[in-house]
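For this chain, numbers begin at 1 and follow the sequence in order. Note that this is a predicted model, so its numbers are computed, not measured.
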Amino acid sequence: MTEHTRNTRDTRNDQNARKARGTRNARDTERNGNAGRTRGTGGHGSGTHDVVVVGGGAAGLSAALVLGRARRRTLVVDAGEPRNAPSSHMQGYLSRDGMAPAEFLAVGREEIARYGVELVRDRVTDVTRDGDVTRDGDFTVVLGAGRTVRARRLVVATGLQDELPAVPGVAERFGRDVLHCPFCHGWEVRDEPFGVLAAGPASVHQALMVSQWSKDVTLFLHTVAEEELSGQDLRRLAAAGVDVVPGEVAELLVEDDRLTGVRLADGSVHARSVLYVAPRPVPRTGLLERLGAAMDETPFGTYPVVDPTGLTTVPGVWAAGNAIGFAEQVVHAASGGYRAAAAIVGDLLMADLDAAVTG
């Protein structure tokens, strides 16, 4: 813990130094941003944003940062519902390892503000395409507070919601000692007694994966019948040293604000200090569906069909982060937002140039 604390303090010092350097140039940056917004409206009205970004998580903020630096008038609408809100730290993001998600977002908001990006705490309740639906642009975006804005391009970074198993104690402990991703938290709980709550036969894979972080792993079959496991499943579980326990899980046991065990419906108790679960991902793709984006059914939810930059099948609409896939970690989401924004910058430039040529 001492080493982790030192690392966290050093990281924050580095961030403060970067913020201080950015603050010294804030006025110049703002002037440049305002000039860019004047030139970059492409003949649209002053009330039109070049881009509205729906979602203020890693993907949305990353997109907004790139757009702001490209001098495009950008609005971020943030409902304040990040997927990783239950977690006290995030891992595996180079230079941000161990950083609190809330701190990460706060730094991101400060960074986009330097480039004149507007952020509002609100929810997009409706979005419609204006004019000729075969042509790129414009969109009318309605916010929950009643504000209506226009946008030439959209980035949908609305993420997803994790729907947890209905076992008493799971929701209350989620993000603490009830976990779902060993890459996110496995190191921090290494070598502790793990439990894995089966949600289906695919939970065998989760049990096998977490066995890399602990050699004391129990797979609780819960509502999965033993006969649903294949012979190969059983052989692999045995080779990994994973115990398989049939029977429905009734509740989690907690003492002194720590998980201590799992109680089955038959009354038996199994001592565990960590429980892995597999939430059902529920993508927040309602806006994309409303716009008519083509969707792809997967075992992990329905997601939009996108190209490598995140462009959906709706002209002028990009998607990024967990809105395009359940496995997008924070670092992936930030990268996706960057790619989408870079593509939009080029797209808007060509549209503006073509409009100037044709008069």
Side-chain angles (χ1 to χ4, degrees), residues 25-55 59-77 111-120 124 127-142 148-157 287-288 290-294 304-321 323-324 334-359:
N25 297 319
R27 292 191 183 91
D28 290 340
T29 301
E30 185 175 357
R31 283 196 294 269
N32 291 339
N34 290 336
R37 287 197 297 275
T38 300
R39 291 195 299 270
T41 56
H44 289 65
S46 60
T48 298
H49 290 80
D50 287 315
V51 186
V52 169
V53 179
V54 187
L61 291 177
S62 181
L65 179 64
V66 174
L67 292 164
R69 287 176 53 81
R71 312 176 81 178
R72 286 295 177 177
R73 188 181 186 201
T74 303
L75 170 68
V76 177
V77 183
E111 289 179 351
I112 67 171
R114 298 176 200 163
Y115 301 101
V117 173
E118 180 187 0
L119 184 146
V120 296
V124 173
V127 58
T128 55
R129 295 184 65 187
D130 302 337
D132 184 356
V133 296
T134 65
R135 178 181 63 83
D136 286 0
D138 287 339
F139 301 89
T140 298
V141 181
V142 180
T148 298
V149 297
R150 298 280 301 283
R152 299 178 63 194
R153 302 292 185 270
L154 293 178
V155 177
V156 178
L287 295 178
L288 293 170
R290 198 167 303 156
L291 287 166
V305 176
V306 296
D307 78 357
T309 71
L311 177 63
T312 70
T313 57
V314 180
V317 180
W318 276 256
I324 68 169
S335 175
Y338 192 113
R339 285 195 301 270
I344 291 171
V345 169
D347 185 50
L348 286 171
L349 173 62
M350 297 308 165
D352 291 343
L353 294 176
D354 289 347
V357 169
T358 59

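Taking the charged nitrogens against the carboxylate oxygens, D50 and R152 do have a contact shorter than 4.0 Å, which makes a salt bridge.
Between V314 and R129 the shortest side-chain heavy-atom distance falls below 4.5 Å. Between V124 and V156, every side-chain heavy-atom pair lies at or beyond the 4.5 Å cut-off. Residues E118 and H49 meet the side-chain proximity criterion, which asks for heavy atoms closer than 4.5 Å.
Of all non-hydrogen atoms in G292 and T313, the two that sit nearest each other are O-OG1, 4.3 Å. P304 approaches A319 most closely through the heavy-atom pair CG-CB, 4.2 Å. Summarising the geometry of G316 relative to L311, their closest heavy-atom pair is N-CD1, 4.3 Å, with the distance given to 0.1 Å. The minimum heavy-atom distance linking P308 with R339 is given by the pair O-NE, 3.4 Å. Closest heavy-atom contact between T309 and W318: OG1-NE1, 3.1 Å. The two atoms that bring R150 and T140 nearest to each other are CD-OG1, 3.6 Å, heavy atoms only.
Here the CG-CG distance, from L67 to L75, works out to 11.5 Å after rounding to the nearest 0.5 Å. Remark: L65 CG to Y338 OH distance equals 8.5 Å, nearest 0.5 Å. Between the CG atom in L349 and the CD1 atom in I344 there is a gap of 13.5 Å [rounded to 0.5 Å]. The structure places CG of L154 at 6.5 Å from CG of L291, a figure rounded to the nearest 0.5 Å.
With S62 contributing its side chain and A334 its backbone, the two residues share a donor-acceptor pair below 3.5 Å.
Partner V76 forms a side chain to side chain contact (heavy atoms under 4.5 Å, CB included) with one of V120, V155, V117 and no other, that one being V117. Residue F139 is tested with D130, V52, V317 for a side chain to side chain contact (heavy atoms under 4.5 Å, CB included); the sole match is V317.
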Side chain to side chain contact (heavy atoms under 4.5 Å, CB included), that's the test. Do L119 and L61 meet it? Break it down for me. CA-CA 10 Å; L119 184 146; L61 291 177; 4.1 Å; yes
